[in-house]
Amino acid sequence: MRQDMIGILDLGSEYNSALARQIRAIGVYSEVYSHDISPRALKEKKNLRGIILNKGEGDYSAHRSIDELGIPVISVDEDEYTDSLYSQKRLEKFVLDTCCCETNWNTQNFIEDQVQLLREQIGDSRVLLALSGGVDSSVVAALLIKAIGERLVCVHVNHGLLRKGEPEEVCRVFGEEMGAKLIYVDAVDRFLDKLKGVKNPERKRKIIGKEFIEVFDDEASKLCGIDFLAQGTIYPDIVESGTKAGKAVKAHHNVGGLPKRMKMDLVEPIKYLFKDEVREVGKALGLPDSMVYRQPFPGPGLGVRCLGAITRDRLEAVRESDAILREEFEKAGLSGKVWQYFTAIPDIKSVGVRDSARVDEWPCIIRAVNTVDAMTATIEHIDWAVLDKITNRIINEVKGINRVCYDLSPKPCATIEWE
Ligand code: XMP
């Protein structure tokens with residue numbers, strides 16, 4: 001990175017990410033460090049212009065040596081954030097006046113820097129990327145296409161649990177419009193055969209995860225001369241995995257999944273970006289809004305929304321009802337407002353009437369939640385007319401559904417997903 005930067009020493013505060021984001025909002029790059037980062041590692045950060053000790057209950061004894069770095073240091077308290085104007089002014093004064101940082105942290109500079117860094121790291125080698133079509137892997141793909149063109153090999157695995165139109169969109173955007181070298185793997189039968197009759201949600205998740213790695217590995221073993229594996233790790237994955245003084249919020253979900261024999265070095269070009277910054281970079285690289293502003297989607301996909309043992313007909317009903325929900329939320333102006341929304345279909349049937357005859361069909365559950373960090377969630381109060389329209393469309397257009405229910409349960413105690 002050529003940009004000036006401010007280091008935040010995590011002494012156990014909950015607000016490390018928030019502070020980093022505040023500094024980046026000033027236009028200056030910022031990183032969070034563990035309280036016991038070595039003085040040598042700090043010295044190697046050539047563009048470090050200042051350090052903020054972000055107080056908590058952590059120990060900062062390892063850091064007597066930061067005074068030797070010869071750069072300004074301030075200490076901030078957890079309470080200052082209750083007065084955001086004061087803290088913003090104080091931060092600006094420290095970052096701009098005391099540390100004399102240049103305000104050069106922006107999307108365009110990030111892209112230029114990363115393209116150069118990627119070229120230096122990768123040299124003449126080739127890079128492999130599992131491209132799901134989610135915002136993170138899509139932005140990584142777009143950056144690498146810009147940096148190394150056809151030496152990036154993208155593998156898109158269709159496990160049959162993606163939303164309507166997603167595999168087609170990945171192939172169109174990357175294969176056709178961006179000219180990526182894209183291997184499309186139709187693994188639908190392989191996944192659904194393995195999942196046949198499996199009711200337990202955790203077993204379903206395990207099978208989907210394991211099978212994904214095997215399919216990806218099969219494709220990788222057909223290729224030769226690949227030295228690097230690209231991953232869409234983003235900064236919250238790293239910060240939330242714990243900078244040691246703080247509590248780990250969740251395990252780093254991108255690490256540890258690949259077979260040991262896949263001896264490739266990692267390429268993680270967006271690992272210092274927050275989600276909104278990833279989206280900005282995606283937009284600047286020309287990705288469509290449908291990819292850049294995609295709502296969160298679980299790794300096991302529709303597999304955890306086709307409740308119980310997955311059958312092809314019920315899975316199709318989940319996919320179709322989800323597509324209707326998305327379309328109607330978009331029309332009602334809710335797609336940018338509601339954090340996550342989807343349908344789930346349980347493996348039960350109830351009596352209904354169609355053409356004067358009894359029909360036994362499934363109910364479709366609509367879930368629409370708002371949250372900041374997915375740890376707790378509240379329910380979106382949807383306009384009755386919108387729910388009415390969605391209900392009518394689902395019961396008339398989706399095969400096998402005769403009832404629609406709206407889930408009013410907050411998290412806790414209900415989780416966001418049903419499985
Ligand atoms: P829960 O259901 O735990 O979901 O309240 C919280 C958030 O995590 C997503 N989710 C998953 N994401 N793999 C993922 O990558 C999973 O197995 C998984 N389960 C839940 C969920 O969609 C929500 O955004």
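All residue numbers in this chain count up from 1 along the given sequence. Order of appearance sets the numbers: ligands from 1, and atoms from 1 within every ligand.
Short contacts between ligand 1 and Thr415, defined as distances under 4.0 Å to a heavy atom of the residue, involve ligand atoms 1 (P), 2 (O), 5 (O). Each of the following atoms of ligand 1 lies closer than 4.0 Å to a heavy atom of Gly299: 12 (N), 13 (N), 14 (C), 15 (O). Per-residue contacts place Trp339 under 4.0 angstrom from the following atoms of ligand 1 (heavy atoms of the residue considered): 24 (O). Close approach of ligand 1 to Arg205 (heavy-atom distance below 4.0 Å) involves ligand atoms 16 (C), 17 (O), 18 (C), 19 (N), 20 (C).
At a 4.0 Å heavy-atom cut-off, ligand 1 does not touch Phe342 at all.
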Which atom pairs, donor and acceptor, lie under 3.5 Å between side-chain atoms of residues 188-198 and protein residues at least two apart or in another chain?
from   : atom 1 : to     : atom 2 : distance (Å)
Asp189 : OD1    : Arg312 : NH1    : 3.1
Asp189 : OD1    : Arg312 : NH2    : 3.1
Arg190 : NE     : Glu211 : OE2    : 2.8
Arg190 : NH1    : Asp218 : OD2    : 3.0
Arg190 : NH2    : Asp218 : OD2    : 3.3

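Any N or O atom pair closer than 3.5 Å counts here, and Ile416 shares at least one such pair with ligand 1.
Between Ser350 and Arg403, the side chains place a donor N or O and an acceptor N or O closer than 3.5 Å (distance only, hydrogens not considered). Between Trp418 and Asp407, the side chains place a donor N or O and an acceptor N or O closer than 3.5 Å (distance only, hydrogens not considered).
Of the charged side-chain nitrogens involved, at least one lies within less than 4.0 Å of a carboxylate oxygen, so that Arg294 and Glu166 count as a salt-bridged pair.
Taking each of Glu419, Gln295, Lys411, Glu417 in turn, the one with a heavy atom nearest to atom 3 (O) of ligand 1 proves to be Lys411.
Partners of Asp186 according to the salt bridge (Lys or Arg N to Asp or Glu O under 4.0 Å) rule, which considers only residues two or more places apart in sequence or in another chain, do not exist here.
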Passes salt bridge (Lys or Arg N to Asp or Glu O under 4.0 Å), Lys399 versus Glu361? Steps please. CA-CA 9 Å; Lys399 201 162 172 253; Glu361 293 179 331; over 6 Å; no

